[in-house]
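Structure record follows, encoded as structure tokens.
A quick note: this is a predicted structure, and the numbers were derived from the prediction, not measured. Only this structure's heavy atoms are used, side chains among them; waters, hydrogens and symmetry mates stay out.
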Amino acid sequence: MTATPVAEHHHADVSGGWLRAATFGAMDGLVTNIALIAGVGGGGAGHHTLILTGVAGLVAGAISMGLGEYTSVRTQNDQVSAELAKERHELEVNPDGEAAELAAAWTARGLPVELAEQVAAILRDNPEQALRVHAQEELGVVPDELPSPWIAASSSFVCFSIGALFPLLTYLFGSDSLWLALGVGGLGLFAAGAVVAGFTAKPWWSSGLRQLALGGLAAAITYAIGALIGVGIS
């Protein structure tokens with residue numbers, strides 16, 4: 001009897017650290033500069049001041065996001081490395097105990113006792129594979145698939161810059177309309193949300209509207225504050 005071939009399927013790369021950083025960077029860049037321009041524009045600032053404010057927000061935010069992502073991912077990786085070193089030490093000094101611990105964990109999940117003990121014993125004699133399995137079971141990580149801090153930092157920096165540029169575009173092309181700038185920024189929010197939905201299999205329009213609503217709320221709050229402060233100063 002001929003076996004039925006198994007259809008191949010592929011998964012997206014979720015371990016590189018770039019998707020979360022890129023998504024966060026783009027959304028943060030959009031919301032930050034839309035809200036910043038709405039607040040300063042609501043206070044009555046002129047064309048030149050709005051461009052200066054937006055560019056300063058873009059540069060400062062992109063640098064901050066890049067450094068923050070690098071530091072956070074590097075710190076997380078260092079912590080995981082320290083835990084892996086502890087686990088490697090335990091496997092060296094107490095291999096039988098670690099094998100028993102692994103077998104007990106699998107048995108608790110419903111695996112037959114004999115089979116769990118056999119697999120754990122095989123892993124005990126292969127330290128590198130044992131470390132990999134223990135890391136997945138106890139820490140929830142794969143030792144050789146940790147995210148890169150440089151990829152996370154660069155993804156966040158670039159995507160923040162792109163997102164923050166959207167509400168500045170109309171001013172850079174000579175327009176003085178705050179509402180046109182906010183409208184372009186809103187289109188950027190909707191588009192970014194729709195693009196992100198492609199990685200999650202969620203409806204593109206739902207994701208786009210959600211990001212638009214959140215960004216719109218931030219812009220409305222900062223516009224109101226800017227208008228109040230502007231009126232008070234005048």
Side-chain angles (χ1 to χ4, degrees), residues 18-73 149-200 202 204-234:
W18 69 272
L19 180 57
R20 181 195 62 84
T23 302
F24 185 38
M27 296 303 179
D28 197 23
L30 280 161
V31 174
T32 296
N33 249 18
I34 288 173
L36 187 60
I37 289 173
V40 176
H47 183 271
H48 178 75
T49 301
L50 285 168
I51 291 180
L52 178 61
T53 300
V55 171
L58 186 158
V59 174
I63 293 174
S64 176
M65 288 291 294
L67 291 176
E69 282 293 338
Y70 177 86
T71 302
S72 63
V73 174
W150 287 108
I151 291 177
S154 57
S155 297
S156 182
F157 180 91
V158 171
C159 291
F160 183 98
S161 300
I162 294 173
L165 183 62
F166 264 79
L168 275 175
L169 287 175
T170 57
Y171 287 115
L172 293 175
F173 281 108
S175 172
D176 287 324
S177 173
L178 173 63
W179 301 111
L180 180 59
L182 295 181
V184 172
L187 288 176
L189 279 169
F190 183 85
V195 169
V196 169
F199 295 99
T200 62
K202 299 292 184 181
W204 62 270
W205 55 269
S206 175
S207 180
L209 288 176
R210 179 183 62 189
Q211 297 305 324
L212 179 59
L214 293 174
L217 177 62
I221 292 172
T222 52
Y223 179 87
I225 294 173
L228 288 173
I229 293 176
V231 170
I233 292 176
S234 62

Full working for side chain to side chain contact (heavy atoms under 4.5 Å, CB included) between Val40 and Leu50: CA-CA 7 Å; Val40 176; Leu50 285 168; 3.8 Å; yes
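- One distance of note links CG of Leu214 with CD1 of Ile34; it measures 11.5 Å at 0.5 Å rounding.
- Of all non-hydrogen atoms in Thr170 and Ser177, the two that sit nearest each other are OG1-O, 4.5 Å.
- When all heavy atoms are compared, the tightest approach of Ala35 to Ala218 is CB-O, 4.0 Å.
- The line from CG of Leu209 to CG of Leu189 is 11.5 Å long, rounded to the nearest 0.5 Å.
- Checked against side chain to side chain contact (heavy atoms under 4.5 Å, CB included), Tyr223 has the following partners two or more places apart in sequence or in another chain: Ala38, Leu178, Trp179.
- Heavy-atom minimum distance, Ala181 versus Pro167: CB-O, 3.4 Å.
- A distance-only check finds a donor-acceptor pair linking the side chain of Ser72 to the backbone of Gly68 [under 3.5 Å].
- Considering only heavy atoms from C-beta on, Ile151 stays 4.5 Å or farther from Val73 through its side chain.
- For residues 35-72, every residue pair satisfying the ring pair (Phe, Tyr, Trp, His ring centres under 6.0 Å) rule, not counting sequence neighbours, is listed here: His47-Tyr171, Tyr70-Trp150.
- Residues forming a side chain to side chain contact (heavy atoms under 4.5 Å, CB included) with Ile63 (at least two apart in sequence, or on another chain): Val59, Leu67, Phe157.
- Contact of the Thr222 side chain with the Leu36 side chain is not registered, since no non-hydrogen atoms from C-beta on lie closer than 4.5 Å.
- Taking each heavy atom of Leu58 and Asn33 in turn, the nearest pair found is N-OD1, 4.0 Å.
- When all heavy atoms of Leu180 and Ser175 are compared, the pair lying nearest together is CD2-OG, 3.7 Å.
- Judged as a side chain to side chain contact (heavy atoms under 4.5 Å, CB included), and not counting sequence neighbours, the contacts of Ile225 are Ile221, Ile229.
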Just list the side-chain donor-acceptor pairs under 3.5 Å for residues 22-32, sequence neighbours left out, or say none.
{"residue": "Thr23", "atom": "OG1", "partner": "Leu19", "partner atom": "O", "Å": "2.8"}
{"residue": "Asp28", "atom": "OD1", "partner": "Thr32", "partner atom": "OG1", "Å": "3.0"}
{"residue": "Thr32", "atom": "OG1", "partner": "Asp28", "partner atom": "O", "Å": "2.7"}

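- Distance SG/Cys159 to CH2/Trp18: 8.5 Å, rounded to 0.5 Å.
- Residues Ala21 and Ala152 come closest through the heavy atom pair CB-O, 3.3 Å.
- The side chain to side chain contact (heavy atoms under 4.5 Å, CB included) test applied to Val158 returns Ile162, not counting sequence neighbours.
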